[in-house]
Amino acid sequence: MSIPMRAIEFLRLLPLAALLLGGCVVGPAYVKPGAPEPAAFKEAQGWSPAAPADALERGPWWTLFNDPVLNELAAQVDVSNQNVAAAVASYAQARALVRQQRAGLFPSVSLSTSGERSGTRGAGADNHYRLNIGTSWEPDLWGRLRAGVSAAGASAQASAADLASARLSAQGELAANYFVVRLTDAQAALLASTIEGYQRVLQITQNRFDAGIATKSDVLQAQTQLANTRIDALSLARQRAQFEHAIAILLGKAPADFTLASAPWQAFVPEIPVGVPSALLQRRPDIAAAERRVAAANEQIGIARSAYYPNIGLTGSVGNAGSRVSDLFSASSALWSFGLSAAQSLFDAGATRARVAGAEAGQQAAVARYRQTVLDAFGDVENQLSATRVLAQQLVLRRQASESADQVEAQMLNRYKAGQVGYSEVVQAQASALSARRALVQAQGERQSTAISLIQALGGGWQAQ
C-alpha cells in the first residue's frame with residue numbers, strides 16, 4: 001500500500017508535537033505537608049539501650065529474639081498469609097494503573113478494514129473495500145494527563161507502603177501469638193509442678209487425718225485446692241489451642257494442619273534502639289502511605305482545574321479504498337486525512353468550580369489524616385516506651401514477691417506438719433505463692449509482647465524507599 005508523503009510526515013510529527021504542546025501545568029506544585037515532630041521522645045529520657053543503633057536496619061526484626069522456631073514461622077508469613085497476598089495483588093493493580101495512565105500521554109494507532117456489497121433492484125451489485133490506519137492523540141496542554149500519571153504513581157507508592165504495613169502487622173501478630181503460646185507452656189509447666197506439690201500435701205493431710213491429728217475439713221480443703229489448680233491447667237490448654245489456631249491462620253493453613261510442639265520458653269527481651277523522632281517519619285509504612293495519598297490528592301486538584309481549559313484533539317488516518325481487494329494496495333486509490341478539534345464548556349452551572357473545590361477539600365482531608373497518622377505513631381512509641389520502662393521495674397518487684405511467697409509457703413507447711421498452724425493458713429500461703437509465680441511469668445511475657453509492639457511502633461524492619 002502506498003501512503004502519501006504528507007500523511008506520513010503528519011504521523012511522524014505527532015510525537016514531537018506531544019513534547020512541544022505538553023508544557024503547561026495548571027495544578028499546584030506538591031509540597032510535603034508539615035507534621036508534629038518533637039525534639040525527643042518523652043518516655044525515652046535517660047534510657048540508654050545497649051543494642052547498637054542500627055539493629056533494626058539489618059535483616060528481619062524478629063531475629064532479635066534469638067528463637068529459631070519463631071524465625072522459621074515468621075519467614076512463612078510473607079509467602080502464605082492471605083492478607084499479605086491481597087496487599088501484594090493491590091500493589092500490582094496500582095502499578096498497572098500507573099502504566100495505563102502513562103499510556104494516555106501517547107498517540108493511539110488503530111487498524112480497521114471493511115468490505116460490503118450493495119446495489120439496486122434491476123441493476124448490478126457493487127463491491128466496496130476499505131483498509132485504514134488511523135491515529136488520535138490528545139495533547140496534554142494543561143497537564144491533566146500527567147497529573148493522572150503522578151496521582152497513580154503516588155497511589156502505587158501508597159499501596160507499596162500498605163503492603164509493608166500488612167507484612168509488619170502479620171509478622172507482629174504472629175510473634176505476639178507465638179510468645180503467648182510459649183508463655184502458656186511455661187505457666188502449664190508451673191502448674192504441673194504445683195499440682196505435684198499439692199498432691200503430696202494432700203497425701204500428708206490424708207495421713208494426718210487417718211492418724212487422728214488433722215480434721216476432715218483439712219482434707220477437703222486440700223482436695224479443693226488441687227481440683228481448682230487442675231481446672232486452671234485445663235483453661236491454659238484451651239487458651240494455648242486458640243493461639244495455636246491463630247498462628248496457623250496467619251500462616252495460611254487450616255488449624256487442623258498445623259501443630260506447634262511445646263518447647264522451653266526463652267524469656268529473652270532484646271534492647272530496642274529508639275532512634276530519633278525524625279527517623280520515625282521515614283520508617284513507619286503507614287506514615288509513608290498517608291503522605292503519598294496527600295500527593296495523589298494534590299494531583300487531583302490539577303485534574304479538576306484542567307476542565308477550565310479546552311480539550312484539544314488531533315486525528316489522522318491513511319488508507320485505501322476500492323471495489324476490488326487488489327485496489328487496497330494501489331497508490332491510485334490511497335486516501336488520507338488529518339484534523340484538529342477543540343471543545344470548551346461554556347456553561348456548566350458551576351460544576352467545574354465544585355469539582356475543583358471538592359478536590360481541594362479532599363487534599364486538605366488527606367493532609368489532616370497524614371498529620372493524625374503521625375500523631376498516632378508518636379503516641380504508639382511513647383506508650384510502648386512507657387510500658388517497657390514500667391514493666392522492667394515491675395519485673396524486679398515481681399521476682400522479689402515470688403521469692404518471698406515461696407519462703408512463706410515452705411514455712412507454713414513446716415509449721416503445719418509440726419501442728420503449730422491450721423491448714424487454712426497453709427492453703428492461703430500456697431495460693432499466694434502460686435499467684436506470685438504466675439505473675440512473675442506473666443510479667444516476663446508482657447515484656448516480650450511490649451518489645452514486639454515497640455518494634456512495630458518504630459516501623460519494624462521496613463525502610464522507606
>> Please give me the minimum heavy-atom distance between Y30 and P33, naming the atom from each residue.
In response: OH-CD, 3.4 Å
> Do Q448 and W265 have a side chain donor and acceptor closer than 3.5 Å?
Replying inline: yes
> So do the side chains of W61 and I452 get within less than 4.5 Å of each other, counting heavy atoms only?
Replying inline: yes
>> Which residue in the set R293, Q157, R292, R167 passes side-chain hydrogen bond (donor to acceptor under 3.5 Å, both in side chains) when paired with D162?
In response: R293
>> Apply side-chain contact (heavy atoms from CB on, under 4.5 Å) to residues S262 and R240 and explain how you reach the verdict.
In response: CA-CA 10 Å; S262 299; R240 187 190 192 281; 3.7 Å; yes
> If you look at every heavy atom in A154 and A296, which pair is closest and at what distance?
Replying inline: CB-N, 3.7 Å
> Is there a donor-acceptor contact under 3.5 Å from the side chain of S432 to the main chain of Q428?
Replying inline: yes
> Are side-chain heavy atoms of P277 and F378 found at a separation under 4.5 Å?
Replying inline: yes
> Is it true that E403 and R399 make a salt bridge, defined as a side-chain N closer than 4.0 Å to a carboxylate O?
Replying inline: no
> Are the side chain of N383 and the backbone N or O of G379 linked by a donor-acceptor pair below 3.5 Å?
Replying inline: yes
>> Between D286 and Y370, is the side-chain contact (heavy atoms from CB on, under 4.5 Å) condition met? List the steps.
In response: CA-CA 9 Å; D286 55 341; Y370 166 71; over 6 Å; no
> Within the distance-only criterion (no hydrogens, no angle test), does the side chain of D257 pair as donor or acceptor with the backbone N or O of K253 below 3.5 angstrom?
Replying inline: no
> Quick one: CG on L191 to CG on L434, what's the gap to the nearest 0.5 Å?
Replying inline: 6.0 Å
> So, do E72 and Q76 sit near enough that their side-chain heavy atoms are less than 4.5 Å apart?
Replying inline: yes
>> Once rounded to the nearest 0.5 Å, what's the spacing between atom CG of L260 and atom NE2 of H245?
In response: 11.0 Å
>> On a heavy-atom basis, which atom in A457 and which in V381 lie closest, and how many Å separate them?
In response: O-CG2, 3.6 Å
> Distance from Q225 atom CD to T205 atom OG1, nearest 0.5 Å?
Replying inline: 9.5 Å
> Just wondering, do L440 and L395 contact through their side chains at under 4.5 Å, heavy atoms?
Replying inline: yes
> Would you say the side-chain atoms of T184 pair up with the backbone N or O of V180, donor to acceptor, closer than 3.5 Å?
Replying inline: yes
>> Regarding E291 and K32, does a basic nitrogen lie under 4.0 Å from an acidic carboxylate oxygen?
In response: no
>> Quick check: closest heavy atoms across V181 and E244, and the distance to 0.1 Å?
In response: CG2-N, 4.1 Å
> Hey, are T352 and R355 close enough side-chain-wise for a donor-acceptor pair under 3.5 Å?
Replying inline: yes
> Less than 4.5 Å apart, any side-chain heavy atom of I272 and any of L64?
Replying inline: yes
> Are the side chain of S404 and the backbone of A401 linked by a donor-acceptor contact shorter than 3.5 Å?
Replying inline: no
>> Tell me whether T63 contacts the main-chain N or O of P60 through its side chain, where contact means a donor paired with an acceptor under 3.5 Å.
In response: yes
> Can a cation-pi geometry be assigned to R208 and Y416, taking NZ or CZ under 6.0 Å from the six-membered ring centre and within 45° of the ring axis?
Replying inline: yes
> Between A175 and L70, what is the shortest heavy-atom contact and its length?
Replying inline: CA-CD1, 3.9 Å
>> Tell me if a side-chain donor or acceptor on E299 pairs with a main-chain N or O of G148 at a distance below 3.5 Å.
In response: no
>> Please determine whether side-chain contact (heavy atoms from CB on, under 4.5 Å) holds for the pair Y308 and V356, giving the CA-CA distance in whole Å, both sets of side-chain angles, and the decisive distance to 0.1 Å.
In response: CA-CA 10 Å; Y308 285 123; V356 172; 3.8 Å; yes
> For A188 and L236, which heavy atoms make the closest approach, and how far apart are they?
Replying inline: N-CD1, 3.7 Å
> Counting N and O atoms only, with roles assigned by atom type, does the side chain of T450 sit under 3.5 Å from a partner on the main chain of E446, one being a donor and the other an acceptor?
Replying inline: yes
> Hey, what do you get for CD1 (I195) to CG (L202), rounding to the nearest 0.5 Å?
Replying inline: 12.5 Å
> Within a strict 4.5 Å, meaning less than it, do heavy atoms of the F258 and L73 side chains meet?
Replying inline: yes
> Strictly by modelled atom types, are D380 and Q384 linked by a side-chain donor-acceptor pair under 3.5 Å?
Replying inline: no
> From R200 CZ over to L226 CG, what is the distance, rounded to the nearest 0.5 angstrom?
Replying inline: 11.5 Å
> Any donor and acceptor pair, going by atom type alone, linking the side chain of S402 with main-chain N or O of R398 inside 3.5 Å?
Replying inline: no
>> Looking at R305 and E360, is any side-chain nitrogen of the basic one under 4.0 Å from a carboxylate oxygen of the acidic one?
In response: yes
> Do any N or O atoms from the side chain of S90 and from the backbone of A86 form a donor-acceptor pair under 3.5 angstrom?
Replying inline: yes
> Given R371 and V374, is the side-chain contact (heavy atoms from CB on, under 4.5 Å) satisfied, shown in steps?
Replying inline: CA-CA 5 Å; R371 290 171 176 162; V374 173; 5.6 Å; no
> Side chains of D406 and R437: does their closest heavy-atom pair fall under 4.5 Å?
Replying inline: yes
>> To the nearest 0.5 Å, what is the distance between CG on D218 and OG1 on T215?
In response: 3.5 Å
>> Are the side chains of F179 and S449 in contact, using a 4.5 Å heavy-atom criterion?
In response: no
> Y178 and F243: ring-ring contact (aromatic ring centres under 6.0 Å, His included), yes or no, with the steps?
Replying inline: CA-CA 8 Å; Y178 173 80; F243 281 96; over 10 Å; no
